[in-house]
There are 2 protein chains.
Amino acid sequence: MGTKERRDREREALREEILAAARELFIREGYERVSMRRIAEKIEYSPTTIYLYFRDKSEILNEICEQTFAKLARTLERIEARDLDPLEKLREGCRAYIRFGMRNRHQYRLALMVSGESLEGAFDATYEGSMGERAFGFLLHGVERCQAAGIFSVGEAAVASQVLWAAVHGVTSLLITLGDGDFPLIEKNRLIEETIGTVIRGLMKGRG
Amino acid sequence: MGTKERRDREREALREEILAAARELFIREGYERVSMRRIAEKIEYSPTTIYLYFRDKSEILNEICEQTFAKLARTLERIEARDLDPLEKLREGCRAYIRFGMRNRHQYRLALMVSGESLEGAFDATYEGSMGERAFGFLLHGVERCQAAGIFSVGEAAVASQVLWAAVHGVTSLLITLGDGDFPLIEKNRLIEETIGTVIRGLMKGRG
DNA sequence: TTCATCTGCTTAACACTGTAAAGTAGCTAA
DNA sequence: TTAGCTACTTTACAGTGTTAAGCAGATGAA
């Protein structure tokens, strides 16, 4: 009597289908511009069906964001596993973070540039155990390693890594919002490299 | 025959009233959460009257943002006029910038964290001659002064000041979105001071 | 003073939005 | 065979930004 099992499978399949449709639309056009009706149309179900699978629109977004940030976490863990000196490893991580933000601009924005207000409860996923924690953990770990290696001046690693994060997030955010606006930003890669370089230099030992 | 003059005055007065109502609502609740009907209700006119004074909702926002950023520009120019050594003047400007962002979170977000997409044409004001230009000009000037004084290593000032901007914007943006979320950010002022300090140290001469 | 025009505003309406409640086929188990 | 449940749809609500049409009163010309 595998009928329950089959139905569970079918249910999961439709849930996945909704997520896939929403993801594609969100990435192409951004969360706010995509309506529940558009998602429904894409999967050829009535709009309210979606509510049988997700509490509301923001829950769909949350799930997608979590998946996307899991990708970032994996990328960073791959860098973590590479054989690089502490400084270069940290730099590579920062580069990967910024690239990730630019490639996933819509989701990056929703997770780190919108959430908290204006968007009802978008990405309110608790931090503990989240992908965000894993991603930030990379930075923290990288900073600690540089301190242990005598490259960075010792001190609270939490402070140093949040400073680094602020800077890295700053470039990412700036490139996302002004990337092709009319503000005369210097060349993208130049800005990225110089920012990473400057902050890391500022964290280094000696001369302070 | 001052009737035309009087009507122009009245027209201007209502325009001002709309702006004042919108500003208060936007600041309290954020752009997206405030509807044209709410603004209209506040000034006791019908919703469509607003369209006789502004092309659309985003034009109201633009005007308000421009005014707000003018305040930032004035604050920075007051610092510029003070008698401080180049480094401390630059630091003071950065502090003022971040404080400004936090006090005007809604408008800061709309101008620098949303614009470009998702929000139709919000704050698409051309950069040339804008308040944004004046504000960024402060940073540029401050960096040039530090280079001239032999404190910063020489190089393209545009690069250094955009790096500094990225960092300063990064803290601001992070504090706005995560300020009272559940991410365990270190204490606000600590993060602000450390970020400014670290980036400026990274821009300094010697030890590279 | 009378009348046409113009000004400034309002009412009604359109095409959307996210979402809740109620209704309805068709499968399932007794 | 029938009662109930599952999965979905239809309908509806209260809201959004915005446009078009209408209308009262001030204005300028005769």
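Numbers restart at 1 for each chain; the letters A, B, ... are given by sequence-line order, proteins then strands.
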**Prompt:** By side chain to side chain contact (heavy atoms under 4.5 Å, CB included), which residues pair with A:Phe152, not counting sequence neighbours?
**Reply:** A:Leu87, A:Leu90, A:Val143, A:Cys146, A:Gln147, A:Ile200, A:Leu203, A:Met204
**Prompt:** Taking only residues two or more places apart in sequence, or in another chain, which ones meet A:Tyr53 in a ring-ring contact (aromatic ring centres under 6.0 Å, His included)?
**Reply:** none
**Item:** Contacts of type side chain to side chain contact (heavy atoms under 4.5 Å, CB included), residue A:Thr48, not counting sequence neighbours
**Value:** A:Ser46
**Asked** What pairs with B:Phe54 under ring-ring contact (aromatic ring centres under 6.0 Å, His included), at least two apart in sequence or on another chain?
**Response** none
**Request:** Sorted by first residue and then second, give each salt bridge (Lys or Arg N to Asp or Glu O under 4.0 Å) pair with at least one member in residues 45-58 of chain A; sequence neighbours left out.
**Result:** A:Arg55-A:Glu59
**Candidate pair A:Glu24 and A:Arg28, rule salt bridge (Lys or Arg N to Asp or Glu O under 4.0 Å), full reasoning** = CA-CA 6 Å; A:Glu24 205 205 294; A:Arg28 248 219 331 266; 2.8 Å; yes
**Message:** Please report the distance, rounded to the nearest Å, between CD in A:Glu10 and C1' in D:dC8.
**Reply:** 13 Å
**Asked** Taking CD1 from B:Ile39 and P from D:dT16, how many angstroms apart are they, rounded to a whole number?
**Response** 11 Å
What pairs of donor and acceptor atoms, side-chain ones from residues 94-103 of chain A against any protein atom, are under 3.5 angstrom apart with sequence neighbours left out?
unit_1  : atom_1 : unit_2   : atom_2 : d
A:Arg95 : NE     : A:Glu193 : OE1    : 3.4
A:Arg95 : NE     : A:Glu193 : OE2    : 2.7
A:Arg95 : NH1    : A:Glu88  : OE2    : 3.1
A:Arg95 : NH1    : A:Glu92  : OE2    : 2.8
A:Arg95 : NH2    : A:Glu193 : OE1    : 3.1
A:Tyr97 : OH     : A:Tyr108 : OH     : 2.8
A:Tyr97 : OH     : A:Trp165 : NE1    : 2.9

Between the protein and nucleotides 23-26 of chain C, are there any N/O to N/O pairs under 3.5 Å, and if so, what are the atom names and distances?
none

**Request:** Using atom CD1 of A:Ile50 as one end and atom C1' of D:dA7 as the other, report the distance to the nearest whole Å.
**Result:** 15 Å
**Protein-to-nucleotide contact annotation, 5' to 3' order, nucleotides 8-21 of chain C [B base; S sugar-phosphate only; - none; under 4.0 Å, heavy atom]** = -BBBBB---BBBB-
**Item:** Partner set under side chain to side chain donor-acceptor pair (under 3.5 Å) for B:Glu12, not counting sequence neighbours
**Value:** none
**Item:** Residues in side chain to side chain contact (heavy atoms under 4.5 Å, CB included) contact with A:Ala20, at least two apart in sequence or another chain
**Value:** A:Arg23
**Message:** Tell me every residue that passes side chain to side chain donor-acceptor pair (under 3.5 Å) with A:Asn189, counting only those two or more places apart in sequence or in another chain.
**Reply:** A:Glu187
**Item:** Angle between terminal axes - the helix from C:dT5-D:dA26 to C:dA30-D:dT1, 5 pairs each end, rounded to 10°
**Value:** 30°
